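Here the structure comes first, spelled out in structure tokens, and everything after it is commentary.
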Amino acid sequence: MTPAAGRPSPPVATLLGRCCTLRCLAQLHARIVRLGLHNHHALLARFTAACDSLASPSVADSFLSALPSHAVPPSCLRACSRVPCKPTGSALHAAAIRLGLDADLFVRTALIQFYGSCSSAGASRMLFDSMVIPSEVSWTAIIMVYVDCGDIVSAREIFDRMPHRNVVHWNAMVGGYVKCGDLESARRLFEEMPQRTAAAHTSLIGGYAKAGNMQVAKMLFDKLHDRDVFSWSAMISGYAQNGYPGEALRVFKEFREKGICPDELVIVALMTACSQLGNIMLAKWIEGYITTYSIDMNNAHVLAGLINMNAKCGNMERATVLFESMPVRDVFSYCSMMQGHCLHGSANKAVELFTRMLLEGLSPDNAVFTVVLTACNHAGLVEEGKRYFAMMKNEYLIMPSGDHYACLVSLLGRSGMVRDAYELIKSMPGKPHPGSWGALLRGCILQGDIELGKVAAKKLFEIEPDNAGNYVTLSNIYANIDRWADVSEVRAEMTGKGLTKIAGRTVVL
DNA sequence: GTAGGGTTAG
């Protein structure tokens, strides 16, 4: 019995299922060819599935000539769409034409998706238009191509001229409106649906949640009876995203009572809520919960969430273990770690991490600079603070925001350099920033610079006329040096404007 | 053998 005619050698087939690196895939490919199994259908299906899961256009490319089969182009094209890799995808297209496979429905649909993924909606459309009878999936593909490139009008035109629409088409169109932020149209189309699916329902919930409208999101959720893990996670993350961690937790509790198996996204949403609460017991419980349900801890979102949650909840040891275990650290994980150190009084460690991040060749973004400047401020590192501020502007070409300025002003002010801080504020472009003037005022109080403090306070009265706290702060400055006449004057001005100090709020000097 | 919904950090 020749190998090609016989059953595939079990080891190869089994190994393909387990294959998780390109190197392994290449070795298996060599073995397939050596054993003459490259025309074996079942084996090819496994091979292309492995190509698919590894999203490897280069593998697809190099194996193309050796594997002329119907099964290859669609899965390889999917790999090219995911990256996306236009040269290889186009080469596959050419090969498909050469092999006479380009009219195949699966190949054609994969090509429509591929050109869409590399922003060539026009090419997708030409391929679609030349189809005699597009499959249902081809219709979805062309709608999604237009949705993804933001051309909702063309998507709708296609949708309207469809001879037959199935639920997936409706879902895609409703989801398209949600994606482009047109909730009105999404809602209208949703109401027109012959069957309102959980998928369309969940799209809408996500859209309203993203727009910050949790009332409508909740109303839609209450109406949805066949809730699945998607709809629950949309609600939990909606509440968490909008700063209602308590509500998020409440919904999660309800979710648990239903006995539905959580997935990575539910966990990510839950961790967002926990980070806001800073509840270390809850954080520990969540990690246990993750293990119970075999959630993928190596999932980038899960890992980032875990690091962030532990850092925010004060478990820096755990956060550090997770951070160091990452095969490749990114800007986000660095940012979470730096923030955690900053929050828990180890500003110097945050600054150390920043320098390590630069050594690793990562490019800090504006959020990272906010954290590192905050850290310098906490630790009183004047020289470093000035240096990073200049680095941000000159090396990374990031325009400093009001918050960046406020950090540096605060740092200078607290270190006795109130006049420098004042010069810095005066050099700020744009509208006067209350945070920076407030930081200057606090610096003046610390340094006992009454004259400059008055300037800062006056400026704050101007830009925040309704903020009673500024008046209180200025009157406290006078009170500290026994200038009671000035205290009464400021108080009188404040009450004259109808402002009263908010009960329970104290300004810590 | 293909398609549609929910994704973290400031």
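The chains referred to below are lettered A, B, ... by the order of the sequence lines, with proteins before strands, and numbering in each begins at 1. Bear in mind the structure is a predicted one, so any value in this text is a computation, not a measurement. Just the heavy atoms: all of them, side chains too, but no hydrogens, waters or symmetry mates, feed the values below.
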Aromatic ring of F230(A) stacked on base six-ring of dG6(B), 5.5 Å, 30°:
no
Could you state the atom-to-atom distance from NZ of K179(A) to C1' of dA3(B) in whole Å?
12 Å
On the nucleotide dG6(B), are OP1 or OP2 found under 4.0 Å from the side-chain N or O atoms that K210(A) carries?
no
Looking only at N and O atoms, is any donor in the side chain of S233(A) or the base of dG6(B) less than 3.5 Å from an acceptor on the other one?
yes
Is there a donor and acceptor pair closer than 3.5 Å between the side chain of D228(A) and the base of dG6(B)?
no
Would you mind classifying the nucleic acid contact of A200(A) as base, sugar-phosphate or nothing, using non-hydrogen atoms under 4.0 angstrom?
nothing
Given dA9(B), dT2(B), dA3(B), which nucleotide is nearest the side-chain atoms of V168(A)?
dA3(B)
So, does the side chain of T140(A) form a donor-acceptor pair with the base of dA3(B) at under 3.5 Å?
yes
Nearest-Å distance, CZ (R108(A)) to P (dA3(B))?
18 Å
If I take atom CG in residue L111(A) and atom P in nucleotide dA3(B), what distance separates them, rounded to the nearest angstrom?
14 Å
What contact category does D263(A) fall into here, base, sugar-phosphate, or nothing, at under 4.0 angstrom with non-hydrogen atoms?
base
Flag this pair as yes if the NZ/CZ of R78(A) is under 6.0 angstrom from the six-membered ring centre of F114(A) and inside a 45 degree cone about the axis; otherwise no.
no
Please work out if N299(A) contacts a base, only the sugar-phosphate, or nothing of the nucleic acid, heavy-atom cut-off 4.0 Å.
nothing
Mind checking if V331(A) touches a base, just sugar-phosphate, or nothing, with heavy atoms under 4.0 Å?
nothing
Classify E264(A) by what it touches in the nucleic acid, base, sugar-phosphate, or nothing, heavy-atom distance under 4.0 Å.
nothing
Flag the pair R318(A) and E287(A) as a salt bridge only when some basic side-chain nitrogen lies within less than 4.0 angstrom of an acidic carboxylate oxygen.
yes
What is the nucleic acid contact for Q241(A), judged by heavy atoms within less than 4.0 Å: base, sugar-phosphate only, or nothing?
sugar-phosphate
